[in-house]
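Everything below concerns the one structure shown next.
All values reported here derive from a predicted model rather than from experimental measurement.
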Amino acid sequence: MHQLFGLVLAQKDLSRAGDLFSLDNAEIEGSISEALEQIRIISSSVDYHTNDNDQAVVEICITRITTAIRETESIEKHGEALVALWESCLEHNLRPSGRDEDTPHSKIASDIMSCILQNYNRPPVMALAVPVAVKFLQRGNKELCRNMSSYLSLAAIAEVDLLADHTDAIVKSVLQGTSK
C-alpha cells in the first residue's frame with residue numbers, strides 16, 4: 001500500500017488524510033484494493049458509529065479512492081474490493097435516525113454505490129454488484145433505495161440478463177415502496 005495511505009489508515013490520522021489528494025492517481029492506483037479492505041476493517045469496528053474521527057478519515061479515503069478509480073478507469077480491477085466494502089455495510093444500521101441524518105454506514109454505502117453503479121455498462125462489474133444492490137432494496141433506507149432503483153434501471157437497459165435472477169426481490173421492493 002502507498003506509504004501515506006497506509007499511515008492515514010493505520011493511525012486514522014485525520015490531519016494527514018487531506019494530503020491523499022496531493023498524490024497522483026497513478027501513485028495510489030495499485031493500493032486501492034488493499035486500502036478498501038482496511039476501510040472495511042475500520043468501519044466494522046464496534047465504536048465506528050460513534051467515532052467522528054474514524055468516520056471522517058473513512059469518508060476522505062473513500063472520496064480519494066472513488067476519484068482515482070473513476071479517473072484511471074480501474075473499476076474492473078478494484079470492483080471486488082469495492083463490492084466487499086459495500087456489502088459489509090449491510091451488516092450495520094442503514095436507517096436514518098429521527099433527525100433524517102444518514103448513518104455512517106449508509107454514507108459509505110451511498111458513496112460506493114454511485115462509484116460502482118455508474119459503471120452499469122460494464123457487465124463484469126455489474127455481475128458483482130447487482131446481487132448486493134438488490135439486498136439494499138430491503139434495508140429500509142428510502143434514499144438508498146431510490147438511488148439504487150435508478151441505477152438498477154440503467155443496468156437493466158444495458159444488461160437485462162443480470163437482473164433476471166432478481167426480478168422477485170425488485171418487484172417486492174417496488175410494491176413495498178408504493179404501499180407506504
Side-chain angles (χ1 to χ4, degrees), residues 1-97 101-120 122 124-137 139-141 143-144 147-148 151:
M1 183 180 319
H2 187 277
Q3 184 178 2
L4 182 57
F5 244 123
L7 174 76
V8 168
L9 289 170
Q11 297 180 4
K12 300 171 197 158
D13 187 350
L14 184 56
S15 67
R16 302 281 314 269
D19 295 342
L20 294 170
F21 290 93
S22 68
L23 301 173
D24 187 68
N25 290 328
E27 289 181 77
I28 62 167
E29 197 277 325
S31 305
I32 289 175
S33 289
E34 189 177 352
L36 287 165
E37 174 58 18
Q38 288 300 312
I39 290 169
R40 190 191 62 73
I41 291 167
I42 292 168
S43 68
S44 295
S45 70
V46 176
D47 69 335
Y48 179 75
H49 69 283
T50 59
N51 190 320
D52 292 340
N53 181 77
D54 289 5
Q55 291 174 33
V57 168
V58 164
E59 190 172 324
I60 290 167
C61 289
I62 287 174
T63 300
R64 182 61 188 104
I65 286 169
T66 56
T67 300
I69 288 172
R70 186 177 55 255
E71 291 178 0
T72 61
E73 298 182 5
S74 59
I75 187 73
E76 282 97 350
K77 182 176 179 181
H78 303 293
E80 202 170 299
L82 270 170
V83 170
L85 174 58
W86 191 35
E87 188 168 28
S88 75
C89 293
L90 289 165
E91 299 168 12
H92 304 278
N93 179 25
L94 298 174
R95 291 180 188 240
S97 63
E101 186 175 309
D102 283 332
T103 67
H105 291 94
S106 63
K107 290 176 185 177
I108 293 171
S110 181
D111 290 345
I112 299 296
M113 174 184 63
S114 64
C115 179
I116 293 171
L117 296 179
Q118 284 178 1
N119 292 280
Y120 63 87
R122 296 185 186 197
V125 175
M126 290 298 95
L128 292 170
V130 166
V132 176
V134 171
K135 291 177 187 177
F136 276 95
L137 293 175
R139 291 308 300 267
N141 183 311
E143 190 64 29
L144 276 177
N147 292 336
M148 191 75 63
Y151 285 121

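Separating the CG atom in Leu23 from the CD atom in Gln3 is a distance of 10.5 Å, to the nearest 0.5 Å. Here the CG-CZ distance, from Asn119 to Arg70, works out to 10.0 Å after rounding to the nearest 0.5 Å. For the atom pair Met126 CE and Tyr120 OH, the distance stands at 10.5 Å (nearest 0.5 Å). The structure places CD1 of Ile65 at 4.0 Å from CG of Leu36, a figure rounded to the nearest 0.5 Å.
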Test log, rule side-chain contact (heavy atoms from CB on, under 4.5 Å), inputs Cys89 and Phe136: CA-CA 9 Å; Cys89 293; Phe136 276 95; 4.2 Å; yes
Intermediate values then yes/no, side-chain contact (heavy atoms from CB on, under 4.5 Å), Ser88 and His105: CA-CA 9 Å; Ser88 75; His105 291 94; 6.0 Å; no
Worked verdict on Leu7 versus Arg16 for side-chain contact (heavy atoms from CB on, under 4.5 Å): CA-CA 8 Å; Leu7 174 76; Arg16 302 281 314 269; 3.2 Å; yes
Stepwise side-chain contact (heavy atoms from CB on, under 4.5 Å) test for Leu9 and Met1: CA-CA 10 Å; Leu9 289 170; Met1 183 180 319; 4.1 Å; yes
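For the pair Leu85/Ser43, a side-chain contact is recorded, criterion being any heavy-atom separation below 4.5 Å from C-beta on. In this structure, the side chains of Glu27 and Leu4 stay at 4.5 Å or more apart for every pair of heavy atoms. Inter-residue side-chain proximity for Arg64 and Asn25 is flagged as met; some heavy-atom pair is nearer than 4.5 Å. Residues Val8 and Ile60 fail the side-chain proximity criterion, which asks for heavy atoms closer than 4.5 Å. Looking at Val125 and Leu82, their side chains never come closer than 4.5 Å, going by heavy atoms from C-beta outward. No side-chain heavy atom of Asn93 sits less than 4.5 Å from a side-chain heavy atom of His49. The side-chain heavy atoms of Lys12 and Ile42, taken from C-beta on, include a pair separated by under 4.5 Å. Looking at Ile28 and Leu20, their side chains never come closer than 4.5 Å, going by heavy atoms from C-beta outward.
Across Ile32 and Ala68, no two heavy atoms sit closer than the pair CD1-CB, 3.9 Å. Closest non-hydrogen pair, Met113 versus Trp86, comes out as CB-NE1, 3.7 Å. The two atoms that bring Lys77 and Ser33 nearest to each other are O-OG, 4.0 Å, heavy atoms only. Contact record, Glu73 with Arg122: O-NH1, 3.9 Å, taken as the closest heavy-atom pair. When all heavy atoms are compared, the tightest approach of Leu14 to Ala56 is CD1-CB, 3.7 Å. Between Ala129 and Ile116, the closest heavy-atom pair is CB-CG2, 3.4 Å.
Taking the ring-ring contact (aromatic ring centres under 6.0 Å, His included) definition, one finds that Phe5 meets it with nothing, sequence neighbours left out.
A salt bridge does not link Asp102 to Lys107: none of the charged side-chain nitrogens sits closer than 4.0 Å to a carboxylate oxygen.
Using a distance-only test at 3.5 Å, with no hydrogens or angles considered, no donor-acceptor pair links the side chain of Ser110 to the main chain of Ser106. Checked by atom type and distance alone, the side chain of His78 pairs as donor or acceptor with a backbone atom of Glu29 at under 3.5 Å.
Shown here is Glu71, whose CD atom has more than 12 heavy atoms of other residues, nucleotides or ligands within 6.0 Å.
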